[in-house]
Amino acid sequence: MINYITDILNAALKKIGLESKEIILEKPKEEKFGDLSTNLALSLAKEFKKNPRDIAKEIIDNLEFDKNLIDKIEIAGAGFINFYISDNFYKDNLKLILQKKSEYGKSDLNKNKTANIEWVSANPTGPLHAGHGRHICLGKAIANLLEWIGYKVTREYYYNDAGYQMSILGQSIESGYKQIFDSRIQFRDDMYKGEYVKKIAEEIYEEYKRNLPPGDDFWIKRGEKYCLNLIKKTLKILKIKHDIFFKESSLYPYNILIINTEDVENIDIYKKKKLSSSGIIKLLYEFKTKNLIYKKDNAWWLKMKSGGFQDDKVIIKSDDIATNRRSEPTYRLPDMAYHIDKINRGYDLILDIFGSDHSDTYKEVLFGVKSAGYAISNIKVIIHQMVTFKKGEESVKMSKRSDDVYYLDDLIEDVGVDATQFFFVMRSANTQLDFDIELAKDKSEKNPVYYLQYAHARICGILRNAEENFPDYEDAKIDDINFELIKTDDEIKLLKVLSRFPDEVLTTASTYEPHKIITYLNSVAECFHRFYHNNRVLNPDDKETSKTRLQICLAAKQVLKNGFDIIGISAPERM
RNA sequence: GCGCCCGUAGCUCAACCGGAUAGAGCACCAGCCUUCUAAGCUGGGGGUUAAUGGUUCGAGUCCAUUCGGGCGUGCCA
């Protein structure tokens, strides 16, 4: 419908002799202003310094439209053009929903385009904690949205499988292992002390007893495998499956993270050894060739001041025996190489999701990628603010250091998968979120999840009733709909809301803001509940109306279900 | 100190390139179950959109300043 009106408006502009414009059509807040409205005349008035109402009149006089679809068009207020859409359109759309079913709302706008969405990407140093939840649930919904607007989506998980943090994990497990038979062993402050560390240690002890396995690498690899499995398990509960797990080490020669600072100086060494094909080395070549890096204090720095940053940043650390620091890249360099890797894979859209604690670093990374000579216009970054947890009035402390962490598994167990998903996606990503665990747990009308799911369950109740008591209604076909019988306000309003779904999906997807779908579904549920309250669906004395209303119910159920699929919650048949 | 994000009803939050009387849920008040699930429906009270100034036909939205909150500001990621 929006496309149709946009087209006829542009045709009218052409007749007047104006360029076609990007036309904004929105649903007016007030019903009396029609179904769709445009401020086109107002913005043209600004441009040409004319009276907006005169322009609006001129446009309408030149507008040709299908009277079967649009009842009337009016000028209102300062110069808004309001369209009143015919009920016929909504009735036709009812058929469309019932025919398209789970496809209703999907668009092929980005047919043949590919998108890569990278998220979660927590390093496998332990289980996911509750704070990760927002990031994870948001990414899940956005990935779904991209598919709904036609992208072929690759879901990717990037993690550091070596380096400082992982070596701490290895040391922690080693300490845990030794502690089993030597009570003198203590954990250092900077070590991981969670229950899972002990579990890994015990597993290893069962396998090797006191025959200490050799090498640092052993502990790290065991830890990585175990922790990644914990993470995947949690993701599976949330019905998330990544297509690619990308290891940082795969960007290095021999998958080893050490880059010798001297070797960078004589970077051709890598070429001689035929090791110059890895992402990190290639990038270093590019930086060196473009004279973007320099050596200072035995570390390598990337020139960033030119990009508006306060300081240049270290990309390869110096050796420092005192602090046990090795000559390895900082996170920036592999992150840049990783993004270049994604660019080279040729996606039409590359999406990163970060918490606000990374909002500075992604700029550095993009700057580096751009400086190295790559186009970054396909890369979009979504930043979400942090989340705090509370139980009623009491706030829940999130401590990484202690072993008393509130894990994502705990949260899911406390409030359920649906409430977890819903609460994290419910709010705009760029506001700080207060997650009320008590409220999410609540099985009453206070809990906003239920308002939506209840509408779906209610419809299922009607369908069950039809099946059991009115078998001859149940087999009603789309062709049995008698449009003449759709006449109450509640019915029409419900159909109007349902017709908006495809447009809502589009705008939601193009801004990557899944909470808008929830706002929309709320209005679907609201209209359905009112319809339900005022309009008896199954009535033995009026078979035709019953059949028709059953089809309306089916359509509402479908739209709710499709919306639930996008945000990733279930559609319960009973509650 | 500097950078990014945020500040909307008692609470949690919406508001689509700047548009018409700023909207929901919860909480509060008053009604509605002999009828497909009352986890619902109907009505009501509640606002100087943190403050001040500016831009314009029009500002919650853009600009400036101030106040308040979050996150960053490592050779951690």
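In the text below, chain A, chain B and the rest are named by the order of the sequence lines, each starting its count at 1.
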Syn within 90° of 0, anti beyond: B/C33 is syn
Which protein N or O atoms sit under 3.5 Å from an N or O of nucleotides 42-47 of chain B?
unit_1, atom_1, unit_2, atom_2, d
B/U42, OP1, A/Arg530, NE, 2.6

Determine which nucleotide pairs with B/C4, using a 3.5 Å limit on both distances of a Watson-Crick or G-U wobble pair. B/G70
When the P atoms of B/C16 and B/U61 are compared, how many Å lie between them, rounded to an integer? 12 Å
A/Asn82 (side chain) and B/A20 (base): donor-acceptor pair under 3.5 Å: yes
Close aromatic pair by centroid cut-off 6.0 Å: A/Phe309 and A/Phe367: yes
Suppose we call two aromatic rings close when their centres sit under 6.0 Å apart. Are A/His129 and A/His132 close by that rule? yes
Choosing from B/G40, B/C17, B/C26, which nucleotide comes nearest the side chain of A/Asn39? B/C17
Does atom NZ of A/Lys363 have more than 12 heavy-atom neighbours, drawn from other residues, nucleotides or ligands, at distances under 6.0 Å? yes
Partner nucleotide of B/C41 by Watson-Crick or wobble geometry (both distances under 3.5 Å): B/G31
pair_partner(B/C17), Watson-Crick or wobble, both distances < 3.5 Å, evaluates to none
Atom CG of A/Asp434 to atom C1' of B/C6: distance rounded to whole Å? 13 Å
Pi-cation contact, A/Tyr532 with A/Arg458 (under 6.0 Å, within 45°): yes
Within the 4.0 Å heavy-atom criterion, would you say A/Leu433 contacts the bases, only the backbone, or no part of the nucleic acid? sugar-phosphate
Do we see A/Tyr451 stacking on the base of B/A39, given a limit of 5.5 Å between centres and 30° between planes? no
Among B/A20, B/C26, B/C36, find the nucleotide with the atom closest to the side chain of A/Val537. B/C36
Pairwise P distance for B/G3 and B/G58, with rounding to whole Å: 32 Å
Checking contacts here: which listed nucleotide (B/C16, B/U12, B/C26) is nearest the side-chain heavy atoms of A/Glu26? B/C16
First locate atom CG of A/Asp319, then atom OG1 of A/Thr261, and finally report the distance between them rounded to the nearest 0.5 Å. 6.0 Å
Please determine, for B/G47, whether a Watson-Crick or G-U wobble partner exists with both distances under 3.5 Å, and give it or none. none
Rounded P spacing from B/A20 to B/C67 in Å: 32 Å
Taking the C1' atom in each of B/A14 and B/A24, what is the distance between them to the nearest angstrom? 7 Å
More than 12 heavy atoms of other groups within 6.0 Å of A/Lys303 NZ: yes
Taking the nucleotide of RNA chain B with the nearest heavy atom to each, does A/Lys363 or A/Ala429 sit closer to the 5' end? A/Lys363
Is there a donor and acceptor pair, one atom on the side chain of A/Ser523 and one on the base of B/A24, closer than 3.5 Å? no
For the student: nearest non-hydrogen atoms of A/Lys295 and A/Glu265, plus distance: NZ-OE1, 2.9 Å
Suppose you measure atom C1' in B/A9 against the same atom in B/C71; what distance do you get, rounded to whole Å? 28 Å
Please tell me if the side chains of A/Pro334 and A/Tyr252 come closer than 4.5 Å, counting only heavy atoms from C-beta onward. yes
Could you tell me the Watson-Crick or G-U partner of B/G10, where both distances fall under 3.5 Å? Say none if there is no partner. B/C26
May I ask which nucleotide in the shown strands pairs with B/C62, Watson-Crick or G-U wobble, both distances under 3.5 Å? B/G54
Would a 4.5 Å heavy-atom cut-off, applied to side chains only, mark A/Ile81 and A/Ile59 as touching? yes
Against the side chain of A/Ile24, the closest entry in B/A14, B/A27, B/C17 is B/C17
Of A/Lys390 and A/Arg464, the one whose closest nucleotide on RNA chain B sits nearer the 5' end is A/Lys390
Ignoring the backbone of A/Arg536, work out which of B/U35, B/G19, B/A24 is nearest its side chain. B/U35
A/Leu42 side chain, from C-beta outward: closest of B/A20, B/G19, B/C36: B/G19
Scoring nucleotides 67-77 of chain B by protein non-hydrogen atoms under 4.0 Å (B base, S sugar-phosphate only, - none) yields --BSSS--BBB
B/C33 to B/A39 separation - C1' atoms, rounded to the nearest Å: 14 Å
Spacing of the C1' atoms in B/G47 and B/C41 (rounded, Å): 26 Å
Pairwise side-chain contact, A/Arg53 with A/Ile75, heavy-atom cut-off 4.5 Å (strictly under): yes
Heavy atoms, side chains only, cut-off 4.5 Å: are A/Tyr520 and A/Ser523 in contact? yes
Categorize A/Ser37 for me: base, sugar-phosphate, or nothing, with a 4.0 angstrom heavy-atom threshold over every strand shown. base
Chi angles and distances behind the salt bridge (charged side-chain N to carboxylate O under 4.0 Å, His left out) call for A/Lys446, A/Asp436: CA-CA 12 Å; A/Lys446 283 183 194 167; A/Asp436 188 337; over 6 Å; no
Nearest-angstrom distance, P atom, B/G25 to B/G69: 32 Å
